[in-house]
> 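Right, I'll just put the structure down here and ask away after.
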Amino acid sequence: MARVAVVTGSNKGIGLACIRALCKQLKPDDVVYLTARNPELGKKAVADLEKEGLKPRFHQLDISNKASVEALRDHLKKEHGGLDILINNAAIAFKSKDPAPFSEQAKVTNGVNYFDNAQAYHILSPLLRPNARVVNVCSFVAVMTWGKMGDDLKEQFRKLATEEELNTIVNKFIDLAAKDEHTKHGFPGTAYGFSKVALSAFTRLQDRIFEKDTARPGIAVFAADPGWVVTDMSSGSGKKNVDEGADTLVWLAMRPEGDLEGRGEMYSDRKLNKVFL
Ligand code: NDP
C-alpha cells in the first residue's frame, strides 16, 4: 500500500526541507503532502520542488484553525484511507526585539506551539495506520529551558500521567506570566522554550498511549530537534542549512517497522537527547 506523509508548516524552512527529503526517500507511489496556511505560498513551494523533479501534493493547513485541520483529515480519509507519517513542524517564535509583553508572548507562543499542535495531532492521529511514525518538532532549546526550571516544576513534569495535567501546567505558566509571577514559581523566562518542553512532554504522553494500542500496533511518537538552522525563524543565523536540519526529523519518520528505540523521547543529530532528566 502506498504510504502517505504530511508535514505541517512546510511552505518554507525546515518543513519544506522535510518535504524534499521525504519525496526523495519514499517510493514513487507514496504521497507527500506539503501543507501551508497560505495556499499561494504553499503552491509556490510545490512549483519550486517540481523544478527539482519532485512531486509533492499540496493541501491547505492552518493548525490554529480547527476547521482547516478537519478539512485535511477528511481529504486524507477520502483519498487515502489513512496516514503513515506526520511531522508536526509548524511553530512560531517572537523575535528577541519584539516589543510584545512577555504575557502576550507566553500566551500566543504556547497557544500555537503547544495547544494548536496538540489539537492538530488529535484530529489527524485517528488516521494513523499500524507502524506509522509521528515526529513532533521540538528543540535543543527545550533542554536548555529544562535546566532553568525549578525542582518542583521538574518533578511535576516527570510525574505527568495525563494530557489534562500537562494542559493545567501550561495554562498555569500563561496565567502566571500574565501577572509577571512565572519565575517566582519555578517557570522559565522563555515562552518559546517552555512551549517546546510542553510539546516534548506531550510526545511522551501520546507515545505511551500508542505503546498500549493493540488495534494499531507499531505506531511511535518521537520528538526531534533539528539543531540551530538558518531559517526565517532564526533570522538567518545558525549552524545548519535546512536540509541538515531536516535530517533527524526525516530519519525518525522513516525508521522501519519495529525500530522503536527511544520512542517518546527527543532525538538530536540522530541520537537520544532526553529533555526530562
Ligand atoms: P520558519 O519560521 O522558517 O517556518 C515555520 C513554518 O511554520 C512556516 O511554514 C509557517 O508558515 C508555519 N506556521 C506557523 N504557524 C502556523 C500555523 N498556525 N499553521 C500552519 N503553519 C504555521 O521556522 P523553521 O523552519 O526554523 O522551524 C521549523 C520547526 O523547527 C519549528 O517547530 C521550530 O520551532 C523548530 N526549530 C527551529 C530551529 C531553528 O534554528 N530554525 C531550532 C530548533 C527548532 P508561514 O510561512 O505562513 O508563516
Side-chain angles (χ1 to χ4, degrees), residues 6-21 33-46 48-49 56 58-72 86-96 98 105 107-121 123-124 134-145 190-200 202-203 222-250 252-253 266-269 273 275:
V6 166
V7 182
T8 70
S10 47
N11 53 288
K12 67 177 183 178
I14 297 163
L16 177 60
C18 287
I19 297 289
R20 180 183 290 112
Y33 278 97
L34 185 156
T35 66
R37 51 185 169 179
N38 179 333
E40 263 178 50
L41 296 178
K43 287 177 186 166
K44 160 98 176 48
V46 167
D48 288 345
L49 288 179
F58 173 71
H59 203 283
Q60 195 273 346
L61 177 65
D62 180 344
I63 63 161
S64 306
N65 178 338
K66 195 173 177 206
S68 165
V69 190
E70 288 172 342
L72 174 64
L86 173 61
I87 302 184
N88 288 310
N89 165 78
I92 57 152
F94 282 81
K95 300 292 177 200
S96 54
D98 195 296
Q105 296 197 19
K107 190 170 180 192
V108 174
T109 309
N110 284 276
V112 176
N113 297 1
Y114 174 64
F115 285 112
D116 293 347
N117 266 295
Q119 171 177 265
Y121 172 88
I123 293 170
L124 296 174
V134 178
V135 179
N136 292 326
V137 183
C138 293
S139 174
F140 58 92
V141 176
V143 177
M144 291 158 59
T145 303
T190 156
Y192 175 83
F194 190 72
S195 74
K196 296 297 187 179
V197 170
L199 190 61
S200 307
F202 179 81
T203 302
F222 295 100
D225 159 35
W228 188 24
V229 184
V230 178
T231 64
D232 289 348
M233 184 180 280
S234 63
S235 302
S237 58
K239 290 191 170 169
K240 292 183 179 180
N241 65 36
V242 288
D243 296 315
E244 291 165 337
D247 177 75
T248 296
L249 286 50
V250 174
L252 285 168
M266 189 170 82
Y267 275 79
S268 300
D269 292 323
N273 186 12
V275 178

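For ligands, and for the atoms within them, numbers begin at 1 and follow the listed sequence. FYI, side chains are in, hydrogens and waters are out, and symmetry mates aren't considered; it's all heavy atoms of this structure.
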> Who's the nearest protein heavy-atom neighbour of atom 19 (N) of ligand 1, and how far?
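I find the closest protein heavy atom is I63 N, 3.0 Å.
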> Under a 3.5 Å distance rule, please check whether K240 uses its side chain to pair with a backbone N or O of P226 as donor and acceptor.
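Side chain of K240 to backbone of P226, a donor-acceptor pair under 3.5 Å: yes, one is there.
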> Please check: side-chain N/O of K95 versus main-chain N/O of M233, any donor-acceptor pairing under 3.5 Å?
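Yes; at least one donor-acceptor contact below 3.5 Å.
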> Does any non-hydrogen side-chain atom of N38 lie less than 4.5 Å from one of N11?
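No; the side chains remain at least 4.5 Å from each other.
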> Any N or O on W228 sitting closer than 3.5 Å to an N or O of ligand 1?
no
> Does any N or O of ligand 1 fall below 3.5 Å from an N or O anywhere on G9, backbone included?
yes
> Just need the protein heavy atom nearest to atom 9 (O) of ligand 1, so name the residue and atom and give the distance.
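Going atom by atom, the protein heavy atom closest to atom 9 (O) of ligand 1 ends up being N11 OD1, 2.8 Å.
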> Got a salt bridge between D48 and K12, using NZ or NE/NH1/NH2 to carboxylate O under 4.0 Å?
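Not counted as a salt bridge, because no side-chain N and carboxylate O are separated by less than 4.0 Å.
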> Does any non-hydrogen side-chain atom of L61 lie less than 4.5 Å from one of T8?
yes
> Is it the side chain (CB and beyond), the backbone, both or neither of P226 that lies under 4.0 Å from ligand 1, heavy atoms counted?
side chain
> Please report which non-hydrogen protein atom sits nearest to atom 40 (O) of ligand 1, along with the residue it belongs to and the distance in Å to one decimal place.
V229 N, 2.8 Å
> What is the closest protein heavy atom to atom 30 (O) of ligand 1, and at what distance does it sit?
V137 CG1, 3.4 Å
> Below 4.5 Å, heavy atoms only, C-beta onward: do L252 and T248 meet side chain to side chain?
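Sidechains of T248 and L252: in contact.
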> Does I14, backbone or side chain, put an N or O under 3.5 Å from an N or O of ligand 1?
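Yes, I14 has an N/O under 3.5 Å of an N/O on ligand 1.
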> Under 4.0 Å from a heavy atom of C138: which atoms of ligand 1 are those, numbered in the order shown and with their elements?
44 (C)
> Tell me, which protein residue and heavy-atom name are nearest atom 38 (C) of ligand 1, and how many Å apart are they?
G227 O, 3.7 Å
> Given M233, E40, R37, identify the one with the heavy atom nearest to atom 47 (O) of ligand 1.
R37
> Identify, by atom number and element, the atoms of ligand 1 in contact range of S64, meaning under 4.0 Å from any of its heavy atoms.
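Counting from 1, the qualifying ligand atoms are 18 (N).
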> Just to be sure I read this right, does ligand 1 sit under 4.0 Å from the backbone of D62, its side chain, both, or neither, counting only heavy atoms?
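The answer is both.
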> Nearest protein heavy atom to atom 4 (O) of ligand 1, by residue and atom, and its distance?
K12 CE, 3.7 Å
> With side chain to side chain contact (heavy atoms under 4.5 Å, CB included) as the test, pick out the partner of V7 among I87, L249, I14.
I87
> Could you tell me whether the side chain of V250 reaches within less than 4.5 Å of the side chain of R20, counting heavy atoms only?
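No, their side chains stay 4.5 Å or more apart.
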> Are any of the side-chain heavy atoms of T231 and S234 separated by less than 4.5 Å?
yes
> Using a 4.0 Å cutoff against the non-hydrogen atoms of S139, which atoms of ligand 1 qualify?
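Checking each atom against S139, I get 43 (C), 44 (C).
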> Give the atom numbers and elements of ligand 1 that come within less than 4.0 Å of a heavy atom of A91.
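Those atoms are 5 (C), 7 (O), 14 (C), 31 (C), 32 (O), 34 (O).
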> Could you check D225 against S268 for side-chain hydrogen bond (donor to acceptor under 3.5 Å, both in side chains), going step by step and ending with a plain yes or no?
CA-CA 5 Å; D225 159 35; S268 300; 2.7 Å; yes
> Considering the heavy atoms of G13, write down every atom of ligand 1 situated less than 4.0 Å from one of them.
3 (O), 25 (O)
> Using a 4.5 Å cut-off on heavy atoms from C-beta on, say whether the side chain of V230 contacts that of N241.
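In short, these two side chains do not touch, never coming nearer than 4.5 Å.
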> For the 3.5 Å polar cut-off, considering only N or O atoms, please tell me whether Y192 and ligand 1 meet it.
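Yes, there is a polar N/O contact under 3.5 Å.
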> Going by heavy atoms in the side chains, are L49 and L16 under 4.5 Å from each other?
yes
> Which protein heavy atom lies closest to atom 21 (N) of ligand 1, and at what distance to 0.1 Å?
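So the nearest neighbour among protein heavy atoms is A90 CB, 3.5 Å.
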> I'd like to know whether ligand 1 has K240 as a neighbour, heavy-atom separation below 4.0 Å.
no
> Calculate, to the nearest 0.5 Å, the distance between atoms CG and NE2 belonging to L34 and H59 respectively.
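Reported value, rounded in 0.5 Å steps: 12.5 Å.
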> Any side-chain heavy atom of S237 sitting closer than 4.5 Å to one from W228?
yes
> Please state which protein non-hydrogen atom is closest to atom 29 (C) of ligand 1 and give its distance, to 0.1 Å?
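Checked against all protein heavy atoms, atom 29 (C) of ligand 1 sits closest to N89 OD1, 3.1 Å.
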> Geometry only, no angles: is D225 polar-contacting ligand 1 at N/O separations under 3.5 Å?
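Among all N and O atoms of D225, none is under 3.5 Å from an N or O of ligand 1.
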> Purely on distance, is any nitrogen or oxygen of V112 under 3.5 Å from one on ligand 1?
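Looking only at distances, the answer is no, because the N/O contact criterion of under 3.5 Å is not met.
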> For ligand 1, is any non-hydrogen atom under 4.0 Å from L61's backbone (N, CA, C, O), its side chain (CB onward), both, or neither?
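For L61, only backbone atoms sit under 4.0 Å from ligand 1.
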